[in-house]
Novice: 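Handing you this structure, nothing more for now.
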Amino acid sequence: LAAIDNMLTQSIEKNQIPGAVALIARNGKIVYYKAFGMAENETKRNLKRDDIFRIASQTKAITSTAVMMLWEEGRFSLDDPISKYIPEFENAQILDSLNEIDTTYITSPAKGEITIRHLLTHTSGIGYGIIDNDQFSKIYQKAWIIDLFTTTSITIEENIKKLAELPLHHNPGKQFTYSEGLDVLGYFIEILSGKPLDEFFQERIFEPLGMNDTYFYLPDSKNSRLVPVQTIRDNKWIRYTN
């Protein structure tokens, strides 16, 4: 266990990370639980073991769980086309070429429809904007697709309906492409459940499992425990803003 202390301490000293919380459980018991470094270097606040972090794409596992809960209730088939629930996904197009000057593009019709199974398995052909290749990054940026946390006032419905208008990497089901398909399924959950996604998660997953520090929108009473997302600039950690 001392090797973990050394590794994390050295990573902080080398400016590879601003801080970390590490936990190891064995045979149902916590055997190692420590905090290292700064929660935010600008304020010099030390990390605490119960600080709250954004879980980013780990949300995909929670979204997938919610989708399968609704599937178990017989609400849909995994091979249903998503256009059955979100008509904007009808007549999907594949990107053929992009004009780099004005980011206009040429497409051809996709063979087959995007299904819920495709969205769950990242085989839909949908891209992932900010972490995608150069062509798709430009297309998503121009359309102002939200693919990270944001302070912009936009609903998941608005974001997904814009996403539905954009071209795909490839025909649905052809290959694996890490995508925003789980974002689409977040809106799908709202449609089937009739509830905002955060409320569905809270009522059906977080509260029953006792996940008392997991939220889409953190209560004001817990804001002081939130660790801000940071990026390194000029060898210093600063807040990342988007």
Novice: Could you check whether any side-chain heavy atom of Val67 comes within less than 4.5 Å of a side-chain heavy atom of Leu119, counting everything from C-beta outward?
Specialist: no
Novice: Using a 4.5 Å cut-off on heavy atoms from C-beta on, say whether the side chain of Leu78 contacts that of Met68.
Specialist: yes
Novice: Taking the side chain as every heavy atom from C-beta outward, state whether Ile94 and Pro167 have any atom pair closer than 4.5 Å.
Specialist: no
Novice: Once you round to the nearest 0.5 Å, how far does CG of Leu218 lie from CG of Asp213?
Specialist: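 Reported to 0.5 Å precision, the distance equals 8.0 Å.
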Novice: Roughly how far, to the nearest 0.5 Å, is CE of Met69 from OG of Ser193?
Specialist: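 The CE atom of Met69 is 10.5 Å from OG of Ser193, to the nearest 0.5 Å.
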Novice: Would you mind listing the cluster partners of Leu23? Hydrophobic ones only (ILVMFWY), side-chain contacts under 4.5 Å, chaining allowed.
Specialist: Val21, Ile30, Tyr33, Leu47, Phe53, Val227
Novice: On the 0 to 90° scale, with breaks at 30° and 60°, tag the Phe206-Phe201 ring pair as parallel, tilted or perpendicular.
Specialist: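 If you compare the ring of Phe206 with that of Phe201, the planes turn out perpendicular.
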Novice: How about Asp183 and Asn159: does a side-chain donor come under 3.5 Å of a side-chain acceptor?
Specialist: no
Novice: Can you check side-chain contact (heavy atoms from CB on, under 4.5 Å) on Asn41 and Gln230, steps first, answer last?
Specialist: CA-CA 9 Å; Asn41 282 10; Gln230 298 180 76; 4.2 Å; yes
Novice: Please go through Phe36's hydrophobic cluster and name the other residues, only I, L, V, M, F, W, Y counting, with side-chain heavy atoms under 4.5 Å joining them.
Specialist: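 The other cluster members (ILVMFWY side chains, heavy atoms under 4.5 Å, direct or chained) are Leu1, Ile4, Met7, Leu8, Ile12, Ile17, Ile24, Val31, Tyr32.
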Novice: Using side-chain heavy atoms (C-beta onward) and a distance below 4.5 Å, is Lys236 in contact with Asn15?
Specialist: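 Of all side-chain heavy-atom pairs linking Asn15 with Lys236, none is under 4.5 Å.
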Novice: Ion pair present between Glu72 and Arg204, side-chain N to carboxylate O less than 4.0 angstrom?
Specialist: no
Novice: Considering only residues two or more places apart or on different chains, which pairs with a residue in residues 152-174 satisfy ring-ring contact (aromatic ring centres under 6.0 Å, His included)?
Specialist: Phe136-His169
Novice: If only atom types and distance count, is the side chain of Glu190 paired as donor or acceptor with the main-chain N or O of Leu197 below 3.5 Å?
Specialist: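 Present.
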Novice: Just by distance, with hydrogens left out, do Asp96 and Thr107 show a side-chain donor and acceptor under 3.5 Å apart?
Specialist: no
Novice: Between Tyr215 and Ile55, is there a shared hydrophobic cluster once you connect ILVMFWY residues whose side-chain heavy atoms come closer than 4.5 Å?
Specialist: no
Novice: Return the CZ to CG distance between Phe188 and Leu182, rounded to the nearest 0.5 Å.
Specialist: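 Between Phe188 CZ and Leu182 CG, I get 12.0 Å after rounding to 0.5 Å.
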Novice: So if I apply the side chain to side chain donor-acceptor pair (under 3.5 Å) rule between Asp51 and each of Lys222, Arg45, Arg225, which one comes out positive?
Specialist: Arg45
Novice: Is a side-chain donor-acceptor pair under 3.5 Å present for Lys142 with Thr103?
Specialist: yes
Novice: Would you say Thr9's side chain and Asn6's backbone share a donor-acceptor pair under 3.5 angstrom?
Specialist: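 No, Thr9 side chain to Asn6 backbone: no donor-acceptor pair under 3.5 Å.
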Novice: Quick one: name the residues clustered hydrophobically with Ile232, using the 4.5 Å side-chain heavy-atom rule over I, L, V, M, F, W, Y, and just say none if it's on its own.
Specialist: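 Traced through the cluster, Ile232 reaches Trp237.
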Novice: If you look only at pairs with a residue in residues 81-93, which of them pass as a salt bridge (Lys or Arg N to Asp or Glu O under 4.0 Å), with sequence neighbours excluded?
Specialist: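 Sorted pair list: Asp80-Lys84, Glu88-Lys161.
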Novice: Looking only at heavy atoms, what is the nearest atom pair of Gln202 and Pro208, with distance?
Specialist: O-CD, 4.0 Å
Novice: Does a side-chain heavy-atom distance below 4.5 Å link Pro172 with Thr123?
Specialist: no
Novice: Tell me yes or no: between the side chains of Thr104 and Asp102, is some donor less than 3.5 Å from an acceptor?
Specialist: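 Asp102 and Thr104 do have a side-chain donor-acceptor pair below 3.5 Å.
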Novice: Run through the side-chain heavy atoms of Ile, Leu, Val, Met, Phe, Trp and Tyr, join any pair under 4.5 Å, and report what else lands in Met38's cluster.
Specialist: none
Novice: Looking only at the aromatic ring of each residue, does the gap between the centers of Tyr128 and Tyr140 stay below 6.0 angstrom?
Specialist: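 Centroid distance Tyr140-Tyr128: not below 6.0 Å, so no.
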Novice: Given side-chain contact (heavy atoms from CB on, under 4.5 Å), test Lys138 with Glu100 step by step and report yes or no.
Specialist: CA-CA 9 Å; Lys138 289 177 180 178; Glu100 298 286 348; 2.5 Å; yes
Novice: So, Thr63 and Lys60: side-chain donor and acceptor under 3.5 Å apart, yes or no?
Specialist: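 The criterion, which ignores hydrogens and geometry beyond distance, is not satisfied for Lys60 and Thr63.
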Novice: Donor-acceptor pair, distance only, cut-off 3.5 Å: does the side chain of Asn99 make one with the backbone of Tyr105?
Specialist: no
Novice: Hey, does the side chain of Thr115 reach the backbone of His118 with a donor-acceptor pair shorter than 3.5 angstrom?
Specialist: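 Yes, because the side chain of Thr115 sits within donor-acceptor range (under 3.5 Å) of the backbone of His118.
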Novice: Is any NZ, NE, NH1 or NH2 atom of the basic residue among Glu42 and Arg239 found under 4.0 Å from an Asp or Glu carboxylate oxygen of the other?
Specialist: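 Here Glu42 does not pair with Arg239 in a salt bridge, since their nearest N and O are not under 4.0 Å apart.
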